[in-house]
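Note sheet for the following structure.
A, B, ... follow the sequence lines: proteins, then strands. Residue 1 opens every chain.
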Amino acid sequence: MSDKIRKIEGITKESTQAMIDDALAAYPEKGRKKRAPHLAPNDAASGCASVKSNKKTVPGVMSARGCAYAGAKGVVWGPIRDMVHVSHGPVGCGWYSWGTRRNLMSGITGVNNFAMQFTSDFQEKDIVYGGDKKLAVLLREAKELFPLAKGISVLSECPVGLIGDDINSVAKASSKELDIPIIPCNCEGFRGVSQSLGHHISNDTIRDYIIETREFAEPSSPYDIALIGDYNIGGDVWSAKSLLEEIGLNVKSVWTGDGELEKIAATHTVKLNLIHCYRSMNYMCKVMEEKYGIPWLEFNFFGPTKIRESLRAIGARFDQTIQDKVEMTIAKYEPIMQAIIDEYKPRLDGKKVMLLVGGLRPRHTIGAYEDLGMDCVGSGYEFAHTDDYDRTAPEMPEATVVYDDPSEYEFEKFAHALKPDLIGSGIKEKYVFQKMGIPFRQMHSWDYSGPYHGYNGFEIFARDVDMAVNSPTWKLVKAPF
Amino acid sequence: MSDKIRKIEGITKESTQAMIDDALAAYPEKGRKKRAPHLAPNDAASGCASVKSNKKTVPGVMSARGCAYAGAKGVVWGPIRDMVHVSHGPVGCGWYSWGTRRNLMSGITGVNNFAMQFTSDFQEKDIVYGGDKKLAVLLREAKELFPLAKGISVLSECPVGLIGDDINSVAKASSKELDIPIIPCNCEGFRGVSQSLGHHISNDTIRDYIIETREFAEPSSPYDIALIGDYNIGGDVWSAKSLLEEIGLNVKSVWTGDGELEKIAATHTVKLNLIHCYRSMNYMCKVMEEKYGIPWLEFNFFGPTKIRESLRAIGARFDQTIQDKVEMTIAKYEPIMQAIIDEYKPRLDGKKVMLLVGGLRPRHTIGAYEDLGMDCVGSGYEFAHTDDYDRTAPEMPEATVVYDDPSEYEFEKFAHALKPDLIGSGIKEKYVFQKMGIPFRQMHSWDYSGPYHGYNGFEIFARDVDMAVNSPTWKLVKAPF
Amino acid sequence: MSNLLGLEVKKIVETTPEEVETVKNWINTEEYKEKNFARQALVINPAHACQPLGAQLVAHGFEGTLPFVHGSQGCASYYRSTLNRHFREPAPAVSDAMSEDGAVFGGQNNLHEGLENAVALYKPKMIAVFTSCMPEVIGDDLTAFIKNAKQKSVVPKELQIPYANTPSFNGTHIHGYDSMLVSILQTLTEGKQIEGRCTGKLNLIPGCDFNTGDYREYKRILKEFGVPYTILADIGDTFDSPCDGTYNIYAGGTKLDDAADSINGKATIAIGPYSTPKTFNWVKDNYSGKHVSMPMPMGIEKTDAFIMKVAELFGKEVPASLKNERGRAVDAVTDSHQYMHGKKFAVYGDPDYLTGYVSFLLEMGARPHHILCSRGSKKLEKELQALLDGSMYGKDCKIYMNKDLWHLRSLIMTDPVEAIIGDTHGKFAARDAGIPLFRFGFPVFDRVNKHRYPIIGYQGVVNMVTEICNKFIDIKDETCEDRYFEMMR
Amino acid sequence: MSNLLGLEVKKIVETTPEEVETVKNWINTEEYKEKNFARQALVINPAHACQPLGAQLVAHGFEGTLPFVHGSQGCASYYRSTLNRHFREPAPAVSDAMSEDGAVFGGQNNLHEGLENAVALYKPKMIAVFTSCMPEVIGDDLTAFIKNAKQKSVVPKELQIPYANTPSFNGTHIHGYDSMLVSILQTLTEGKQIEGRCTGKLNLIPGCDFNTGDYREYKRILKEFGVPYTILADIGDTFDSPCDGTYNIYAGGTKLDDAADSINGKATIAIGPYSTPKTFNWVKDNYSGKHVSMPMPMGIEKTDAFIMKVAELFGKEVPASLKNERGRAVDAVTDSHQYMHGKKFAVYGDPDYLTGYVSFLLEMGARPHHILCSRGSKKLEKELQALLDGSMYGKDCKIYMNKDLWHLRSLIMTDPVEAIIGDTHGKFAARDAGIPLFRFGFPVFDRVNKHRYPIIGYQGVVNMVTEICNKFIDIKDETCEDRYFEMMR
């Protein structure tokens with residue numbers, strides 16, 4: 001699909017730019033100047049970003065962005081199931097991110113998975129006298145109470161970096177004392193522009209503290225791969241992994257959905273890194289390529305079209321046995337997918353969707369919507385960089401609006417203008433648009449449904465999109481009096 | 001207890017009679033004349049009824065009585081688990097008595113127990129043209145749909161007797177045709193004065209159609225007994241049966257709680273009939289004594305005192321092995337009972353209870369209340385006869401009021417006068433007295449609790465009585481403004 | 001052989017576990033369903049009571065009115081205990097205890113003695129007489145009996161004694177409701193119509209509704225509208241009275257004067273066409289003002305219709321508070337549609353409840369897969385089918401008239417659904433099928449306070465959506481594997 | 001060795017099922033409980049959030065008010081998403097996105113740019129500024145910053161910008177609520193006190209209450225009383241607004257003029273002493289009329305106290321409608337006491353909710369066996385102990401201050417109870433213990449509409465009794481043997 005340039009009736013560069021200007025009109029001078037470069041009509045053919053990105057958030061505009069801690073604890077570390085993740089600082093950050101990202105985990109909570117909220121609960125005295133002593137005590141308590149934990153992460157919240165604590169040395173000392181990997185991550189929320197720096201700091205921390213400290217017990221095989229950048233939202237990893245195994249590959253470790261510390265540590269021995277969320281994990285793919293010669297391949301498991309493309313691209317990196325299995329798998333699932341499309345497409349054909357998600361899905365899910373006959377009339381990221389926007393240009397129809405870190409004001413204005421049949425974004429946006437009678441699906445958390453990755457994911461995705469767009473409840477919104 | 005005559009402070013023959021007269025004052029002349037003989041102070045020493053009973057209900061006074069159908073279907077037939085009981089007539093009677101009596105049953109509903117609502121659902125045309133043809137079809141359908149049923153009862157509702165149907169001959173013919181016992185019971189609701197005639201007709205029906213049609217497969221033993229007049233309210237039979245087995249007896253059949261038709265039919269071979277509810281089943285005890293020489297013994301499993309007396313009386317009918325087991329059982333449970341009394345009696349000592357139940361419990365449960373230190377200040381039956389009231393006199397304290405088939409007006413007046421701490425009666429009375437802030441326990445259905453029979457029953461009974469009397473919720477009834 | 005059956009004495013043969021297992025599986029099969037649906041005579045687990053119960057409900061809806069069963073005393077105790085168990089409230093009613101002699105000589109003596117005693121003991125402002133089987137079969141002439149009672153001054157001349165023939169052998173409790181209501185209104189309004197007089201009030205007939213919360217909801221809605229009203233047969237207080245240390249035998253009910261004056265009302269809305277046909281026809285011919293018959297306002301659309309009709313009849317704008325309330329209900333509906341969308345339900349109950357359940361479910365995108373009424377009609381079937389045809393979610397839903405809950409069991413065991421909407425009697429089928437039962441109907445014996453939470457109106461929508469969605473989520477939390485047990489739902 | 005830890009490369013050793021089984025049982029033991037309670041530094045599953053969340057709740061309670069987080073943008077998104085998930089409603093708030101440069105130069109530039117943009121885009125009537133960690137650690141002087149903003153006319157002079165220091169490293173969200181509320185009231189009432197003027201109104205401060213149903217219930221009660229009122233920080237509509245096709249960013253809140261004039265009120269009742277101490281002390285010293293601080297009116301007795309205080313403050317009789325409502329609540333309580341009597345509960349939550357839960361349970365004859373507050377105080381402990389001492393059902397109940405939900409798990413696994421009253425976060429402990437969780441507190445992410453059903457007032461009692469009793473009966477129906485499965489409960 002991404003080769004042919006699609007057009008949306010009524011949407012031109014001019015109409016989009018006019019819509020953008022109308023939105024920018026409300027800004028004070030300085031704000032408008034900062035925001036303008038981040039909003040633009042898509043140039044499908046160019047294959048490169050039509051907007052600026054990864055810039056400091058403009059104060060006071062109601063951005064959807066989170067912080068570095070959210071990128072570190074929420075995105076990268078949280079999903080690793082067999083580690084105790086300590087939110088180091090006051091009680092809030094860990095509490096707000098407790099279980100809200102839906103990175104599901106196998107195992108028994110508190111025994112061999114630690115889907116819980118650990119914190120040093122900084123009080124005034126910790127700010128004044130520093131938290132390092134408390135950290136050391138805390139690490140001992142964690143080790144004692146959770147003996148099956150394979151490691152402990154110490155994830156810094158804002159105050160830690162401001163009061164000059166040295167969690168790196170505490171981690172080092174305690175790691176030796178307790179004979180367990182203790183990983184310090186300086187992901188203070190005030191650092192950087194968004195969650196993105198949190199991903200980057202975490203990738204570096206894996207590079208410095210984890211990779212190459214373990215080896216797989218079983219002998220390696222030519223089909224060993226690692227699934228990078230899948231966080232098991234609603235079970236996505238379980239769906240993607242079973243599909244990769246069906247085409248004959250051994251998924252030796254997953255970064256980091258339902259992740260296991262030791263398998264992440266032994267990933268330097270795989271043959272190929274398959275990366276789904278480019279934004280959050282491209283750093284370590286590049287490191288593993290440089291240091292261990294592991295090639296990496298971006299792939300897309302949203303919707304039958306993209307799945308087919310990806311399976312074949314993956315197959316091409318392996319021998320005939322894998323490629324045969326790829327074709328068998330495609331042949332097996334395509335009729336099922338076609339049946340799904342036949343059931344839902346008639347009710348979704350030509351419907352318009354607008355997306356605003358984090359760093360991957362604003363482009364990666366467009367294929368799945370198009371498989372159902374829907375058109376993406378606007379998309380944008382909270383924390384993407386230029387390389388993301390480059391990849392987005394061919395995925396979106398010509399001249400449709402691209403918005404980088406849009407304010408709620410801008411997003412509302414665009415929605416009023418474009419009148420989408422569905423908006424895919426986050427919990428902070430959901431009820432704003434549902435009040436307007438616009439159907440909505442959370443595309444961060446799959447609105448507590450999923451998985452959406454892989455073939456069984458598409459079945460659930462299609463059902464949910466049809467449910468949202470065609471629910472009779474929307475017909476009740478307009479009162480008859 | 002029943003030998004020593006108890007007195008209640010402030011209650012004399014005169015005070016009770018005054019209270020009665022005050023209640024009767026509201027009646028018209030004719031009503032008063034009919035009601036007066038049914039209300040009297042108890043003459044504990046006389047050992048005989050102080051009131052008239054088993055008379056036609058006075059119209060319009062709001063009696064608590066039910067009808068013959070209720071006595072037949074509700075009390076006797078309903079609890080037999082492996083028969084299909086057909087409420088023959090319009091839809092109401094069967095529907096109102098569907099599952100409301102709490103005669104619990106083992107087995108799988110619709111497979112080998114039939115705790116359901118079967119009816120011929122008489123329409124106008126069945127009144128006009130008679131229901132016999134419909135009955136025959138219905139019996140075939142029941143046999144086909146419920147192959148494991150051991151028998152079918154046909155329980156007449158009012159219209160059947162008025163339109164001259166002949167269910168006896170239909171039953172006879174169908175029984176042969178379908179090779180299954182089909183038992184007709186002419187318990188039309190308008191017959192007799194209360195549920196009592198329904199018991200009697202049902203006992204006669206067992207005499208004429210069931211007893212002696214089966215034999216136990218296993219050889220008889222000297223310890224074979226039948227448990228008569230226990231309907232497994234809230235599991236009473238299971239509690240009583242386990243206690244009787246603990247003292248070495250074989251409970252060969254139960255009339256009719258969790259009852260099995262064939263075992264009832266083979267009861268003519270037991271050594272002793274133990275009867276709990278004298279009123280509903282004394283008829284067949286007398287028949288079995290006359291026809292099969294089976295002695296029978298009234299016993300009382302309410303509260304440790306009565307249980308001890310009963311176990312010893314039962315033991316006396318058997319050899320030393322049984323009597324030793326009786327003593328061992330008493331020794332085993334009495335400490336447990338004492339612990340219960342120690343826990344609850346301090347909070348119940350001296351509290352006053354008034355009772356109005358069916359045909360047994362107004363006298364039979366007094367012992368259990370007294371074991372907890374409570375005093376019965378008034379009792380009476382819906383449908384007892386003179387022989388019941390004879391048995392009641394020694395159980396109640398001197399001069400306390402005895403009321404036969406009291407109207408709601410009389411019962412309220414007595415409650416206002418006596419100010420009981422607890423009233424034990426039925427669902428029709430419960431909320432009347434709770435509105436007055438008087439704690440209440442349903443003593444027909446154990447207020448959906450139980451069992452109350454036997455040693456484990458007393459534990460539940462004591463807990464429930466304490467809960468009702470001492471619930472802090474009653475302190476909320478009086479508003480502070 | 002001493003028994004009349006002439007059967008030889010057999011040894012007891014216990015049913016074997018294998019036999020039990022075979023039959024246990026057999027009753028869940030298509031084959032059994034065919035046999036079950038082939039029944040002509042045997043009714044098993046019917047989901048309705050008989051006429052007099054509905055008559056007693058009406059009687060309880062009028063100030064100082066004592067329900068009086070002309071017939072067997074057992075009937076009165078059955079109606080009383082049923083209402084006690086559903087409302088967990090007193091339900092005072094008397095009978096004149098007809099028995100064998102009544103069968104021979106008729107029930108006049110019983111009636112007279114009963115009236116005399118009832119008046120003396122319970123000092124009613126009105127006695128509503130209705131009949132159970134006996135007098136109906138033997139054909140007692142109540143008009144005459146009551147006239148004679150007054151002539152013989154057994155009861156005061158001016159005491160109003162409306163009566164209704166409520167034979168148990170046709171229709172159900174909703175028809176008894178209708179007959180008693182029309183008779184009471186005829187009696188109370190006799191000679192009260194005054195040319196040109198208009199009370200300016202809305203007469204609201206709630207129909208055979210066993211939910212006290214609904215009565216309070218109608219009153220709250222009309223109060224928001226500023227429309228003065230008289231509820232005809234108001235059990236809202238009778239069956240939801242305070243516990244404050246005193247027992248008041250007549251704890252509420254429509255004031256008799258208001259009921260009398262209702263004939264001069266500005267407009268009358270009769271809710272629940274299946275339980276008020278006679279009443280509505282009589283009101284149409286005798287009451288001044290406008291007359292409308294409407295379905296129970298369950299779900300947003302039917303509540304809109306009710307609200308707009310009140311606005312239209314009284315020429316009033318819909319108040320902001322009610323518009324706001326509608327918006328909040330739609331908010332609850334859109335916010336939780338994902339928990340009900342596409343879910344299959346079996347629904348059964350009285351006709352007026354059924355049309356409400358089906359509209360509500362279709363509105364939510366849920367599917368009323370099995371719709372069953374144990375005493376339905378062609379008219380009801382047509383109305384339900386029209387609702388189904390109006391929505392894609394009604395597609396493969398089926399309607400079963402005059403079928404019972406044993407039929408329903410066969411349906412859900414052979415063609416499974418995710419939940420049942422009904423009343424306590426459905427709990428056995430729900431347990432066998434392992435699905436939840438939502439107790440919005442009558443009777444509810446095994447839960448507390450269900451009758452206090454309205455199912456009509458916008459608040460009714462929020463109550464039903466909340467109970468259904470939260471139960472489905474409860475089940476998900478209680479049955480999912482550990483790895484799918486999570487914070488967010 | 002390329003990693004910094006200097007650990008030699010080990011083979012992966014999978015945890016064995018036996019090890020998992022051992023530890024699985026070990027964490028339920030008394031021994032583990034001792035270790036768990038010996039914790040000094042590690043907090044696990046705490047049951048409270050940080051101060052700014054409470055400040056944001058207050059800000060949403062005022063007309064046209066935009067909550068403004070001075071600090072990191074991530075905090076604002078966390079507070080917003082938490083409120084979104086609990087209320088299933090929008091929660092508009094901005095931050096001035098402080099980052100590394102803020103750490104060095106302070107946040108003035110961010111604040112000014114933020115205020116300017118916020119005013120331009122969202123046209124608030126008031127901006128309520130509160131702080132997250134960064135400005136608190138580096139010591140930003142917000143008084144000066146805001147004064148400079150007005151001087152540099154970054155924002156209109158007359159725009160009211162109250163602010164509060166809400167450091168996350170002490171107290172919880174209820175203390176942030178208090179600080180922000182007192183600051184807003186000080187700002188709005190500045191210069192508004194007029195000698196001798198009395199609005200005749202009751203100022204009601206609901207305290208840190210996340211249940212929109214409670215706000216509606218307070219209003220309904222005061223309307224029944226005929227007492228004019230101003231709710232101070234009214235989120236009743238903001239977080240329960242209609243879905244009617246339009247998005248209104250400021251969907252409700254206390255009118256600013258009313259709040260300003262509240263200083264001249266006839267009386268002020270501050271509900272929830274633990275979440276309004278600063279506010280109440282300031283009100284006492286500055287507001288005219290009488291001032292009373294009262295606990296959350298949960299349960300009959302505490303609701304009686306609230307009703308009588310309103311009656312006393314306004315010299316009014318308690319209206320018949322409320323007396324009647326009390327009677328109906330007592331009726332519900334007495335009719336279902338058997339389902340709760342003697343049952344053991346574990347309860348946790350904010351202090352003001354806890355005193356309410358404990359009173360309600362003791363009133364019902366139930367036993368609040370484990371009482372836990374993850375940020376409690378000596379004062380709270382004393383008040384709770386006094387409640388326990390006042391009832392025989394409080395006998396062997398214990399209070400745990402400053403303990404978390406991992407402590408609670410040890411308690412209920414070693415000393416079992418029949419249910420937990422708390423919020424969504426308790427679901428993991430409840431699942432391990434196999435007992436139901438009643439979600440009366442905050443936050444509730446995994447059920448719908450819990451916040452719409454009041455838990456205060458007489459209706460609150462009926463709601464809690466209904467949910468608890470019906471769940472216990474559900475469990476009985478779902479777990480009993482076939483032979484105990486019956487119609488009646």
Side-chain angles (χ1 to χ4, degrees), chain A residues 26-28 31 57 59-63 65-67 70 90-92 95-96 108-112 116-119 121-124 127 134 137-138 141-142 144-145 147-148 158-159 162 175 189-191 208-209 212-217 262 266 409 427-428 431-432 435-437 477-479, chain D residues 2-5 7 9-12 15 19-20 23-24 27 35-36 39-46 49-50 72-74 77-78 80-82 84-85 88-90 92 94 96-100 103 110 113-118 120-121 133-134 137-138 168-170 243-247 428:
Chain A
Y27 279 84
T57 311
V61 299
M62 210 183 294
S63 154
R65 280 175 167 176
C67 65
V91 71
W95 191 85
Y96 299 122
I108 303 164
T109 309
V111 179
N112 61 349
M116 295 145 70
Q117 185 345 29
F118 301 91
T119 179
D121 188 20
F122 263 28
Q123 297 304 300
E124 193 115 18
I127 301 291
K134 184 177 207 180
V137 172
L138 169 151
E141 290 173 348
E144 189 188 16
L145 290 172
L148 298 184
C158 284
L162 297 170
S175 182
F190 63 84
R191 296 189 193 287
D208 300 341
Y209 288 89
E212 225 190 321
T213 60
R214 288 294 179 282
E215 274 167 2
F216 292 108
E262 298 198 303
Y409 178 82
I427 186 70
K428 299 194 291 296
Y431 301 110
V432 170
K435 294 282 178 189
M436 300 181 203
V477 170
K478 276 278 162 294
Chain D
S2 73
N3 64 66
L4 299 183
L5 282 187
L7 295 171
V9 182
K10 289 188 209 151
K11 283 266 183 275
I12 291 179
T15 310
E19 279 172 317
V20 173
V23 173
K24 182 178 170 218
I27 64 171
K35 277 195 196 311
N36 192 10
R39 275 190 272 133
Q40 297 301 323
L42 181 62
V43 171
I44 309 167
N45 301 355
C50 63
S72 156
Q73 74 215 21
S77 291
Y78 271 152
R80 292 182 64 199
S81 54
T82 300
N84 296 139
R85 291 180 179 122
R88 296 188 191 240
E89 289 282 297
V94 296
D96 54 13
M98 286 174 66
S99 60
E100 289 96 341
N110 292 65
E113 202 180 327
L115 287 173
E116 192 190 16
N117 286 331
L121 294 184
C133 287
M134 253 190 84
V137 173
I138 61 174
S168 302
F169 37 80
N170 70 46
C243 171
D244 56 13
T246 58
Y247 169 57
F428 302 95

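The shortest side-chain heavy-atom distance between D:S77 and A:Y96 does not fall under the 4.5 Å cut-off. By the 4.5 Å heavy-atom criterion applied to side chains, D:S168 and A:V91 are not counted as neighbours. You'll find the side chain of A:E212 stays beyond 4.5 Å of the side chain of D:V9, heavy atoms only. Residues A:C67 and D:S72 form a side-chain contact, since some pair of their non-hydrogen atoms from C-beta on lies under 4.5 Å apart. Residues D:V23 and A:N112 fail the side-chain proximity criterion, which asks for heavy atoms closer than 4.5 Å. No side-chain heavy atom of D:M98 sits under 4.5 Å from any side-chain heavy atom of A:F190.
Heavy-atom pairs under 4.5 Å with chain A peak, among D:A97, D:A103, D:S99, at D:S99. When D:G245, D:G74, D:C243 are compared by the number of non-hydrogen pairs under 4.5 Å with chain A, D:G245 comes out ahead. The most heavy-atom pairs under 4.5 Å with chain A, out of D:Q40, D:E100, D:K11, D:E19, come from D:E100.
With sequence neighbours excluded, the residues that form a side chain to side chain donor-acceptor pair (under 3.5 Å) with D:D244 are D:T246.
Contact annotation for A:P28: both backbone and side-chain heavy atoms come within less than 4.5 Å of a heavy atom of chain D. Proximity to chain D (any heavy atom under 4.5 Å) is restricted, for A:A266, to the side chain, taken from C-beta onward. Of the two parts of A:I127, only the side chain, counted from C-beta on, holds a non-hydrogen atom closer than 4.5 Å to a non-hydrogen atom of chain D. With a 4.5 Å cut-off on non-hydrogen atoms, A:I108 touches chain D through its side chain but not through its backbone. Proximity to chain A (any heavy atom under 4.5 Å) is shown, for D:I44, by both the backbone and the side chain.
A donor-acceptor pair shorter than 3.5 Å can be found between the side chains of A:T57 and D:Q73.
Going from atom NZ of D:K35 over to atom CD of A:E141 covers 11.5 Å, rounded to the nearest 0.5 Å.
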